[in-house]
**Q** 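Questions regarding the structure given below will be posed in turn.
Keep in mind it's a predicted model, so treat the numbers as computed, not measured.
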Amino acid sequence: MNTLNKKLIMATAVLTAVCAVLCIFIINTHSTDTTARIYQDGKVIYTIDLDNVTQAYQIRVEGRHGAYNIIDVQPGKIGVCEASCPDKICVKTGYISDGIMPVTCLPNKLVIVIEGGHR
């Protein structure tokens, strides 16, 4: 085996080890707190620690010209259960419990985002 092949094998092994250490570090330092932030018109109007919710409750968010969203908060998850918007995409999205996809209601300018949690 020539020296170029030995160097390539050694570089590959070192790179693989570095990537493995970084993955372990990222996984171990990832926050398990699940916080929902509800935005309206780009401003945070509610911050909810979903890990501390023990009983389900609802929040009514009023918008312009009679628009509204009713948000259902449950232990570990959150979603829009009723809305005045015509397409109801926010309701059809269902509940979210991680930061993979937010719940959005564009007509009512409402966004629910999860930060932290298990991804």
**Q** For Thr47, give me all partners under side chain to side chain donor-acceptor pair (under 3.5 Å), at least two apart in sequence or on another chain.
**A** Arg37

**Q** With sequence neighbours left out, what residues match Gln74 under side chain to side chain donor-acceptor pair (under 3.5 Å)?
**A**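 Listed in chain order: Asp72, Tyr95.
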
**Q** Checking Glu82 now: which residues fulfil salt bridge (Lys or Arg N to Asp or Glu O under 4.0 Å) with it, not counting sequence neighbours?
**A** none

**Q** Of the non-hydrogen atoms in Ala56 and Pro75, which two are nearest, and what is the gap between them?
**A** N-CD, 4.4 Å

**Q** How long is the straight-line distance from CD1 of Ile112 back to CD of Gln40, given to the nearest 0.5 Å?
**A**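 If I round to the nearest 0.5 Å, the distance is 11.0 Å.
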
**Q** Listed by chain and number, what are the side-chain contact (heavy atoms from CB on, under 4.5 Å) partners of Pro102, not counting sequence neighbours?
**A**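 Only Thr104, Val111, Val113 meet the side-chain contact (heavy atoms from CB on, under 4.5 Å) criterion with Pro102.
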
**Q** Roughly how far, to the nearest 0.5 Å, is CZ of Arg60 from CG of Asn69?
**A** 9.5 Å

**Q** Do you know the tightest heavy-atom contact between Val61 and Leu110?
**A** CG1-CD1, 4.0 Å

**Q** Mind checking whether Ile78 and Tyr68 sit in one hydrophobic cluster, side chains of I, L, V, M, F, W, Y counted as touching below 4.5 Å?
**A**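 Different clusters.
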
**Q** Do Val103 and Tyr57 share a hydrophobic cluster (ILVMFWY, side-chain heavy atoms under 4.5 Å, transitive)?
**A**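 Hydrophobic grouping puts Val103 with Tyr57.
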
**Q** Does Val91 have any side-chain contact (heavy atoms from CB on, under 4.5 Å) partners at least two apart in sequence or in another chain, and if so, which?
**A**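 For Val91 the side-chain contact (heavy atoms from CB on, under 4.5 Å) partners, ignoring immediate neighbours, are Val80, Ala83, Lys88.
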
**Q** Following the transitive rule for hydrophobic clusters with a side-chain heavy-atom cut-off under 4.5 Å over Ile, Leu, Val, Met, Phe, Trp and Tyr, establish whether Tyr39 and Ile70 coincide in one cluster.
**A**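 Looking at the clustering, Ile70 is in a separate group from Tyr39.
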
**Q** Within a strict 4.5 Å, meaning less than it, do heavy atoms of the Met101 and Thr93 side chains meet?
**A**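 Side chain of Met101 against side chain of Thr93, heavy atoms only: contact under 4.5 Å found.
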
**Q** Hey, what do you get for CG (Asn108) to NE2 (His65), rounding to the nearest 0.5 Å?
**A**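 Taking CG in Asn108 and NE2 in His65, the distance rounds to 11.0 Å.
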
**Q** With the side chain counted from C-beta on, respond yes when Leu50 and Ser97 share a heavy-atom pair under 4.5 Å apart, and no when they do not.
**A** no

**Q** Name all residues meeting the side chain to side chain donor-acceptor pair (under 3.5 Å) criterion together with Arg64; count only those two or more places apart in sequence or in a different chain, and write none if there are none.
**A**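 So Arg64 forms no side chain to side chain donor-acceptor pair (under 3.5 Å) with any residue.
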
**Q** Side chain to side chain contact (heavy atoms under 4.5 Å, CB included) between Ile59 and Ile48: does it pass, once the steps are laid out?
**A** CA-CA 11 Å; Ile59 301 169; Ile48 303 165; 3.7 Å; yes

**Q** Are Ile96 and Val53 connected in a single hydrophobic cluster, I mean Ile/Leu/Val/Met/Phe/Trp/Tyr linked by side-chain heavy atoms less than 4.5 Å apart?
**A** yes

**Q** If you measure from CG on Asp51 to OG1 on Thr34, what distance do you get to the nearest 0.5 Å?
**A** 4.0 Å

